[in-house]
Amino acid sequence: MANPGIFRNVNILHELNATNSTDMVELYQPGLLNSLDVVSNAKYSGFITSLRLTIDITSIDELEVVENDTLASDDTIAENAKTTFNNNAKKCISLFMKTSATPLIKVTDIYLFNQRPFYYLSLLPYFTSANTFDVAPDAIITAQIRDVGYGLLQDDDRILILGTVVEESPIYDQSVLRVE
């Protein structure tokens with residue numbers, strides 16, 4: 001019979017703004033069980049069930065979208081999307097991961113625009129095509145704002161990173177553990 005695990009819920013909550021926009025921000029790292037738990041210093045694995053940005057940027061001009069005709073071809077729609085992207089001011093947030101065996105590796109760059117009053121963007125599709133993103137005990141997810149020609153976050157700009165994680169750690173059979 002498989003041993004049950006210890007579970008807990010954790011929230012990811014960070015705000016990036018003009019005062020911290022150059023910092024590398026640790027978004028999530030699975031936690032440690034505390035010393036009163038079954039096995040001290042054991043680590044959880046994380047299952048990120050939701051992760052999103054709330055983007056409120058006013059320091060650049062508002063996004064101007066090249067509209068598509070209802071009967072536009074796929075090529076025209078793609079060209080209009082490219083023109084919209086290229087002709088608008090934007091900010092950038094880069095997401096990174098590392099493990100105990102790898103250095104910090106960029107996962108993606110996400111470009112952010114001024115869309116009033118604000119907008120949301122799900123981050124899970126940048127990490128996985130599944131409903132949850134599994135994070136190993138030694139993994140760390142970080143983010144950093146990068147200047148892509150329009151400056152960093154300024155004035156009242158803010159990006160809220162909000163998520164939920166279910167963490168699990170196995171319960172070890174105490175009779176097989178050896179203290180050295």
Side-chain angles (χ1 to χ4, degrees), residues 4-60 63 85 90-148 150-171:
I6 300 170
F7 293 89
R8 72 178 185 176
N9 293 320
V10 176
N11 287 105
I12 298 170
L13 181 61
H14 296 279
E15 180 178 283
L16 303 176
N17 54 48
T19 62
N20 68 0
S21 70
T22 59
D23 298 345
M24 178 73 71
V25 177
E26 184 178 300
L27 299 182
Y28 176 68
Q29 177 179 16
L32 287 168
L33 277 73
N34 71 46
S35 61
L36 302 176
D37 283 328
V38 177
V39 179
S40 63
N41 298 323
K43 287 201 75 162
Y44 286 98
S45 292
F47 304 94
I48 299 176
T49 58
S50 69
L51 188 61
R52 77 171 195 197
L53 299 177
T54 302
I55 301 139
D56 186 7
I57 295 175
T58 59
S59 66
I60 54 178
L63 180 71
F85 180 84
K90 59 194 78 59
K91 307 285 182 167
C92 178
I93 186 170
S94 297
L95 301 177
F96 302 87
M97 281 190 73
K98 74 175 193 168
T99 67
S100 60
T102 62
L104 203 60
I105 297 171
K106 186 187 325 180
V107 175
T108 190
D109 287 328
I110 302 169
Y111 295 92
L112 311 171
F113 298 90
N114 176 356
Q115 295 183 45
R116 305 309 323 137
F118 57 86
Y119 66 104
Y120 303 105
L121 180 64
S122 176
L123 295 180
L124 279 179
Y126 293 95
F127 290 101
T128 183
S129 59
N131 291 331
T132 63
F133 180 58
D134 304 345
V135 182
D138 67 337
I140 299 172
I141 300 172
T142 61
Q144 184 178 38
I145 299 296
R146 292 189 319 109
D147 185 350
V148 290
Y150 300 94
L152 299 171
L153 299 179
Q154 303 165 22
D155 305 322
D156 293 329
D157 290 347
R158 76 188 266 278
I159 299 169
L160 178 66
I161 304 165
L162 180 64
T164 56
V165 183
V166 176
E167 291 188 330
E168 176 186 22
S169 183
I171 294 177

Hey, does [Y] have a side-chain heavy atom less than 4.5 Å from the side chain of [X]?
| X | Y | value |
| --- | --- | --- |
| Leu51 | Ile161 | yes |
| Pro30 | Ser45 | no |
| Asp109 | Val148 | no |
| Tyr119 | Phe113 | yes |
| Ile93 | Lys91 | no |
| Leu162 | Tyr120 | no |
| Asp157 | Asn17 | no |
| Met24 | Leu104 | yes |

Quick one: pull up [atom1] in [X] and [atom2] in [Y] and give me the separation to the nearest 0.5 Å.
| X | Y | atom1 | atom2 | answer |
| --- | --- | --- | --- | --- |
| Leu53 | Ser122 | CG | OG | 9.0 Å |
| Leu95 | Ile105 | CG | CD1 | 14.0 Å |
| Asp138 | Thr99 | CG | OG1 | 5.0 Å |

Next on the checklist: Could you report the tightest heavy-atom contact between Thr49 and Leu124, atom names first, then the distance?
Outcome noted: O-CD1, 3.5 Å

Item to check | Shortest non-hydrogen separation from Gly31 to Arg8 and the atoms involved | outcome: CA-NH2, 3.3 Å

Checklist entry - If we ignore angles and hydrogens, is there a donor and acceptor under 3.5 Å between the side chains of Asp156 and Thr58? => result no

Next on the checklist: Quiz question: by atom type and distance under 3.5 Å, do the side chains of Tyr28 and Glu167 form a donor-acceptor pair?
Outcome noted: yes

Item to check | Tyr111 and Phe85 aromatic centres sub-6.0 Å | outcome: yes

Checklist entry - Would you call Arg116 and Asp56 a salt bridge, taking side-chain N to carboxylate O under 4.0 Å as the test? => result yes

Next on the checklist: Go through it in stages, so that I can follow the logic: the residues are Val107 and Phe127, the test is side-chain contact (heavy atoms from CB on, under 4.5 Å), and I'd like the CA-CA distance, side-chain angles, deciding distance and then a yes or no.
Outcome noted: CA-CA 8 Å; Val107 175; Phe127 290 101; 4.1 Å; yes

Checklist outcome for this item: Exactly one of Lys106, Gln144, Arg146 clears side-chain hydrogen bond (donor to acceptor under 3.5 Å, both in side chains) with Ser94, and that residue is Arg146

Next on the checklist: One pair to check against side-chain contact (heavy atoms from CB on, under 4.5 Å): Ser21 and Leu16. What are the steps and the verdict?
Outcome noted: CA-CA 6 Å; Ser21 70; Leu16 303 176; 5.8 Å; no

Next on the checklist: Go through it in stages, so that I can follow the logic: the residues are Gln115 and Ile55, the test is side-chain contact (heavy atoms from CB on, under 4.5 Å), and I'd like the CA-CA distance, side-chain angles, deciding distance and then a yes or no.
Outcome noted: CA-CA 8 Å; Gln115 295 183 45; Ile55 301 139; over 6 Å; no

Item to check | Enclosure of Lys90 NZ (heavy-atom neighbours >12, cutoff 6.0 Å) | outcome: yes

Next on the checklist: Using side-chain contact (heavy atoms from CB on, under 4.5 Å), reason through Asp134 and Thr128 one step at a time and then give a plain yes or no.
Outcome noted: CA-CA 9 Å; Asp134 304 345; Thr128 183; over 6 Å; no

